[in-house]
Amino acid sequence: MAPTSRNQRQQSRASFHPSNDTATYRDLLLFEERLKTNAAQLQRRKSRYQLFLFHLLIAIAFLLSEVLLQTSFLDIPYTNLLHKVLPDMYGGTENLKPYTYFASGLLFVLVTALLLFFASGMYAEKIAYANRYVPHANKALRNFNMYLNVRRPPLRSTFSISPFPFLFHRPTQSRAPSPTPRPSNAPAPMAPIPPANNPRGELIFSSRVDRGFRESYERYRAAFERKRDGRERDERGKTWTGRIANKMPWNRPPNALPTSAALSQTASGRGRGSVVGTPLGSRRSSPMPRPGTGYSPTVRAVD
C-alpha cells in the first residue's frame, strides 16, 4: 500500500485540475487582460521616455560641437528665429550670431537635465521597470503553472518575400553532423517557448494543467477575441478612413476554425498551452466581472 499511495501523491502533485466553468474562464481572462494591459502601457511609456532621452542626447551632441569644435550650425536657427520674432530690428541682417556664452549655458542646462534624469531614478522607473515587469510577473505566475508569453515572431518571418536569402546565401550541408553523446543522467533540453499568436501576448499554461481545461479556455479566449475584433471593425466601419483600414490585409478577420480542427492543433508539450490563433487587433479594455462571482483579481494599474 505504501508504494501505491506514494505514486498517487506524486500524480496529484504533478497535475492540476481547475474547475471547467464559465466563471473561471471569465475571471482568468480578466486577469490576463489586466496583465497584458499593464505590459502594453509600460511599453508605451518606455517608448515616450526613450524618445525624450534620444532627443536630449542629440541636443547635447549638437551643443558640444558648437562649444568644442566652434561650428556655426546654431547661427541658422538663431537668425531665422529673430527674423520671425523681430522683423523690424533684424530684418535686414543676413547672419546673426548668438551671445558668446549662449551655447555653453544651454549645454550646461541639458547636461544637468541628463544627470538628473538618471540620478532621480526616472530612468529606472520609466524605462528599466518596463523591461523587468514581464519577468517578475512570470516569476510569480510560475507557482500557478502559468506563463505570460509576450515573445514576438522575428521580423523576417512577417514578410513573405525577403531579400536576405538572395544577398546572404547560406551553404547547405551535405550530411547532417553526428549528434554529440549525452550522458544518461543528464536532463533533456527544454523546448523553447514559441512566439505568441497574439501581438499583445497571451497566457499559456504548463503541461501539468489539465489538457481539457487548457483547450476549453483557449476556445473561450478565441471566441472573446473574435467578438471584440468584430466590434472594433464595426466601430471603424462608421468612418470612411475606417472602411479603408478594414480592407487592408492585416485587418482582415481570420477564419474561425472548427472545434475538431482547434482541438487537433492544440499543443500538449511543456508550457505550450495556447496554439489556437487569436484574432489580431485586440485593443479594448478587459470585460467587467460578472456580479456575484466573488472573485476579482487585483493587479496594480499603471498610471
Side-chain angles (χ1 to χ4, degrees), residues 22 25-55 58 126-127 129-131 133-134 137 148-163 194-204 217-259 261-262 265 274-291 293 296-297 299-303:
T22 308
Y25 301 150
R26 187 180 181 86
D27 293 339
L28 189 58
L29 183 62
L30 175 62
F31 178 70
E32 179 181 355
E33 288 295 320
R34 291 285 181 83
L35 288 176
K36 293 191 293 187
T37 301
N38 287 348
Q41 289 179 354
L42 286 173
Q43 290 299 325
R44 287 195 296 268
R45 188 177 68 179
K46 170 188 170 182
S47 301
R48 291 196 301 268
Y49 280 90
Q50 280 181 335
L51 184 62
F52 166 75
L53 183 61
F54 176 74
H55 288 165
I58 291 296
K126 306 297 184 181
I127 297 179
Y129 178 71
N131 300 328
Y133 175 76
V134 174
L148 181 62
N149 185 15
V150 293
R151 292 187 57 191
R152 295 184 178 181
L155 185 61
R156 60 184 179 183
S157 64
T158 57
F159 299 97
S160 58
I161 300 177
S162 177
N197 296 325
N198 195 319
R200 297 176 61 227
E202 58 188 2
L203 197 65
I204 60 179
Y217 176 69
E218 288 161 5
R219 290 193 297 269
Y220 182 85
R221 180 174 58 188
F224 170 76
E225 295 284 350
R226 284 194 296 269
K227 292 179 181 178
R228 181 166 59 179
D229 185 67
R231 290 194 298 266
E232 290 184 350
R233 289 179 59 85
D234 295 340
E235 290 293 331
R236 288 197 303 264
K238 295 179 180 179
T239 59
W240 66 272
T241 55
R243 286 191 293 270
I244 296 176
N246 287 338
K247 295 180 180 179
M248 295 293 106
W250 52 83
N251 285 330
R252 291 177 182 175
N255 297 326
L257 294 174
T259 306
Q265 294 187 5
S274 58
V275 181
V276 179
T278 54
L280 302 179
S282 55
R283 295 292 184 270
R284 288 193 177 181
S285 58
S286 56
M288 296 300 294
R290 182 183 301 174
T293 55
S296 58
V299 179
R300 182 176 67 88
V302 180
D303 295 333

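Worth knowing before you read on, the calculation uses all heavy atoms, side chains too, and leaves out hydrogens, waters and symmetry mates.
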Heavy-atom check, side chain of [X] versus side chain of [Y], under 4.5 Å:
{"X": "Lys238", "Y": "Asp234", "value": "no"}
{"X": "Phe31", "Y": "Lys36", "value": "no"}
{"X": "Glu235", "Y": "Arg231", "value": "no"}
{"X": "Asn198", "Y": "Asn149", "value": "no"}
{"X": "Leu29", "Y": "Tyr217", "value": "yes"}

Minimum heavy-atom separation for [X] and [Y], please, with both atom names.
{"X": "Gly201", "Y": "Ala196", "value": "CA-CB, 4.2 Å"}
{"X": "Leu148", "Y": "Leu35", "value": "CD2-CB, 4.1 Å"}
{"X": "Glu32", "Y": "Leu203", "value": "OE2-N, 3.0 Å"}
{"X": "Leu42", "Y": "Arg45", "value": "CD2-NH2, 3.2 Å"}

Using 0.5 Å steps for rounding, measure from the [atom1] atom of [X] to the [atom2] atom of [Y].
{"X": "Arg151", "Y": "Ile204", "atom1": "CZ", "atom2": "CD1", "value": "9.5 Å"}
{"X": "Lys46", "Y": "Leu53", "atom1": "NZ", "atom2": "CG", "value": "12.0 Å"}
{"X": "Glu225", "Y": "Asn197", "atom1": "CD", "atom2": "CG", "value": "11.0 Å"}
{"X": "His55", "Y": "Ile58", "atom1": "NE2", "atom2": "CD1", "value": "8.0 Å"}
{"X": "Tyr25", "Y": "Arg219", "atom1": "OH", "atom2": "CZ", "value": "7.5 Å"}

Inset, instruction - Could you check Tyr220 against Arg26 for side-chain contact (heavy atoms from CB on, under 4.5 Å), going step by step and ending with a plain yes or no? - result: CA-CA 9 Å; Tyr220 182 85; Arg26 187 180 181 86; 3.6 Å; yes
Legend entry - Arg228 and Glu33 ion-paired at < 4.0 Å: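 Yes, charged N to carboxylate O under 4.0 Å.
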Inset, instruction - Check whether any side-chain N or O of Arg221 sits under 3.5 Å from a backbone N or O of Glu202 as a donor-acceptor pair, and report yes or no. - result: no
